[in-house]
Number of protein chains: 2
Amino acid sequence: MPRSARASHKRELTHAIAVLRARQLRITEPRRLILGALIADHGPFSMEEIHRLVKKSGCDLVTVYRSMPVLEEAGLVRRCDFGKGVVRYEFNHGDHHHHHIICRKCQKVETVDLCVADALERLVKQRGYTEVTHQMELFGICPDCQRNR
Amino acid sequence: MPRSARASHKRELTHAIAVLRARQLRITEPRRLILGALIADHGPFSMEEIHRLVKKSGCDLVTVYRSMPVLEEAGLVRRCDFGKGVVRYEFNHGDHHHHHIICRKCQKVETVDLCVADALERLVKQRGYTEVTHQMELFGICPDCQRNR
DNA sequence: TTTCGTGCAAAACCTTTGCAAAGTG
DNA sequence: CACTTTGCAAAGGTTTTGCACGAAA
């Protein structure tokens, strides 16, 4: 890892830990390990993959399952639902909103920095992908639920 | 059900059955039931919900699980992945591409007829939804996979 | 010291598979 | 009659839960 990357890695981790502290969440070894792994590589990673990255240090799969929602709640990681039950997590570098290109064959994930459907599809095709499709869902609180609060 | 709706329901079902026949798939009672249920109500429905609609006629949950991929392959239904492992199916009325608004509280699903992120979000807010977010992923065959075919 | 978080094991859950019987063409 | 499709039961894989111990504040 180049020196600058290592420095920024450390800065991100320090900041993430400060966020945990501010939320009165405990700074534990598993949480440090998981955050470190996600900062080191963009991923996004599945539960299994995260576990593979931290189990050598003794962090259990169950702990990964329990930690990710906590870290997401704290705004430190972002959850990506890729359909077919595939869930992955990536470190949340600020509010930078982006999408992913997932190869339907090898499942490789790449990042895309735009956010409008057509422009996105065009960009993805320019990257050499074929048979491009997209899937998108919107979420919100419906009027009924706002009333019955 | 109004007379016109019933007539169009029958037309859709007849067409769907013709598609099955054209594909040399057998016209069975469970398949008729499932298609009928999806044509009668846009849904989209989960496996459980579809099963609830057809089990009184003796159609098993396993049969629903086995039928949906077949019907999807035939282009008769569309699969919607709503994240968190939630999968739903809706009847495929032609090639009409659309998205959904899912209430994060009650899970109610509504249909949206546009297909660009920003326009969509605006429209959803106009419908009275608050805290609107969207989730979108792209899929394609990556250059590597095209080569290693 | 008090509370929170973890590991391990077991339970729960949803989806898939095996197989004999029934249904379709 | 040949081949699909189905129902039931059982297996499989992933995610969640219970609980006692250990760690953080």
Side-chain angles (χ1 to χ4, degrees), chain A residues 13-14 16-38 44-74 76-77 79-89 107, chain B residues 13-14 16-38 44-74 76-77 79-89 107:
Chain A
L13 186 55
T14 302
I17 287 174
V19 170
L20 289 182
R21 188 168 290 124
R23 296 210 167 212
Q24 320 216 45
L25 291 167
R26 298 196 170 167
I27 321 301
T28 65
E29 187 61 8
R31 288 175 181 173
R32 256 194 300 265
L33 289 167
I34 292 170
L35 287 168
L38 296 190
F45 300 110
S46 65
M47 295 288 193
E48 283 290 353
E49 288 166 346
I50 295 170
H51 181 224
R52 206 170 304 138
L53 296 170
V54 298
K55 75 175 160 201
K56 59 185 169 307
S57 311
C59 176
D60 197 80
L61 213 209
V62 173
T63 299
V64 177
Y65 271 102
R66 283 194 269 227
S67 299
M68 300 320 292
V70 171
L71 298 179
E72 188 193 7
E73 191 104 345
L76 292 173
V77 305
R79 178 190 164 116
C80 315
D81 273 298
F82 288 167
K84 330 238 170 202
V86 178
V87 176
R88 289 170 170 278
Y89 288 88
Q107 312 305 319
Chain B
L13 186 55
T14 303
I17 287 174
V19 170
L20 289 181
R21 188 170 289 124
R23 296 211 166 210
Q24 320 218 46
L25 291 167
R26 300 199 167 165
I27 321 299
T28 65
E29 187 61 7
R31 287 174 182 174
R32 255 195 300 266
L33 289 168
I34 292 170
L35 288 168
L38 296 191
F45 299 111
S46 67
M47 296 287 193
E48 284 290 352
E49 288 166 346
I50 296 171
H51 181 226
R52 207 169 303 138
L53 296 169
V54 298
K55 76 173 158 203
K56 59 185 170 304
S57 312
C59 177
D60 197 81
L61 211 209
V62 173
T63 299
V64 176
Y65 270 103
R66 282 194 271 226
S67 299
M68 301 319 293
V70 171
L71 299 179
E72 188 191 8
E73 191 105 343
L76 292 173
V77 305
R79 178 191 163 113
C80 315
D81 273 298
F82 288 167
K84 330 235 169 206
V86 178
V87 176
R88 291 171 169 277
Y89 287 90
Q107 311 305 318

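Here is how names work: the chains are called A, B, and so on, in the same order as the sequence lines, proteins then strands, and each is numbered from 1. Just so it is clear, the values below take in all heavy atoms, side chains as well, and ignore hydrogens, waters and symmetry mates. Since this is a predicted model, take the numbers as computed values, not measurements.
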K.L.:
Mapping Glu48(A) and Arg66(A) onto DNA chain D by nearest heavy atom, which one lands closer to the 5' end?
P.N.:
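Looking at the nearest nucleotide for each, Glu48(A) comes out on the 5' side.
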K.L.:
What nucleic acid atoms does Arg31(B) come within less than 4.0 Å of, heavy atoms only: base, sugar-phosphate, or nothing?
P.N.:
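Since only primed, P, OP1 and OP2 atoms lie under 4.0 Å of Arg31(B), the category is sugar-phosphate.
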K.L.:
Rounded to the Å, how far apart are Leu61(B) CG and dA9(D) C1'?
P.N.:
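Leu61(B) atom CG is separated from dA9(D) atom C1' by 14 Å.
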K.L.:
What's the NE2-P distance between His51(B) and dC14(C), to the nearest Å?
P.N.:
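Distance, rounded to whole Å: 14 Å.
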K.L.:
Just wondering, do Leu20(A) and Leu71(A) contact through their side chains at under 4.5 Å, heavy atoms?
P.N.:
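Answer yes - side chains close enough.
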K.L.:
Using 0.5 Å steps for rounding, measure from the CE atom of Met68(A) to the CG atom of Leu38(A).
P.N.:
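Met68(A) CE to Leu38(A) CG: 5.0 Å, rounded to 0.5 Å.
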K.L.:
Atom CG of Asp60(B) to atom C1' of dT4(D): distance rounded to whole Å?
P.N.:
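In whole Å, dT4(D) C1' and Asp60(B) CG are 17 Å from each other.
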K.L.:
What nitrogen or oxygen pairs link the protein and nucleotides 22-25 of chain C at under 3.5 Å?
P.N.:
residue : atom : partner  : partner atom : Å
dG23(C) : N2   : Arg26(B) : NH1          : 2.5
dT24(C) : O2   : Arg26(B) : NH1          : 2.7
dG25(C) : OP1  : Ile27(B) : N            : 3.2

K.L.:
Let me confirm one number: the OG1-CZ distance from Thr63(B) to Arg31(B), rounded to the nearest 0.5 Å.
P.N.:
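Spacing of OG1 (Thr63(B)) from CZ (Arg31(B)) equals 9.5 Å.
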K.L.:
Could you state the atom-to-atom distance from CG of Leu71(B) to P of dT5(D) in whole Å?
P.N.:
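Spelled out: CG on Leu71(B) to P on dT5(D) is 11 Å.
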K.L.:
Separation of Gln24(B) atom CD from dT5(D) atom P, in whole Å?
P.N.:
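From Gln24(B) CD to dT5(D) P: 11 Å.
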K.L.:
Quick one: pull up CG in Leu53(A) and CG in Leu33(A) and give me the separation to the nearest 0.5 Å.
P.N.:
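It comes to 10.0 Å.
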K.L.:
Could you state the CZ-P distance from Arg88(A) to dT14(D), rounded to the nearest angstrom?
P.N.:
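In whole Å, dT14(D) P and Arg88(A) CZ are 13 Å from each other.
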K.L.:
Heavy atoms, side chains only, cut-off 4.5 Å: are Cys59(A) and Val64(A) in contact?
P.N.:
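Of all side-chain heavy-atom pairs linking Val64(A) with Cys59(A), at least one is under 4.5 Å.
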K.L.:
Should we count CD of Glu29(B) as having more than 12 external heavy atoms under 6.0 Å?
P.N.:
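It does: Glu29(B) CD has more than 12 such atoms within range.
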K.L.:
Counting heavy atoms from C-beta on, name the nucleotide in dT17(C), dG18(D), dT6(D) closest to the side chain of Val62(B).
P.N.:
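Taking heavy atoms from C-beta onward, the closest nucleotide is dT17(C).
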K.L.:
Figure out the CG/C1' separation between Leu33(A) and dG5(C), and round it to whole Å.
P.N.:
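Rounded to the whole Å, the gap is 14 Å.
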K.L.:
Provide, to the nearest angstrom, the distance between the CE atom belonging to Met68(A) and the P atom belonging to dT6(C).
P.N.:
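Atom-to-atom, Met68(A) to dT6(C), this comes out as 12 Å.
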K.L.:
Can you list every pair that meets salt bridge (charged side-chain N to carboxylate O under 4.0 Å, His left out) and has a residue in residues 49-72 of chain B, with sequence neighbours left out?
P.N.:
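Qualifying pairs: Glu49(B)-Arg88(B).
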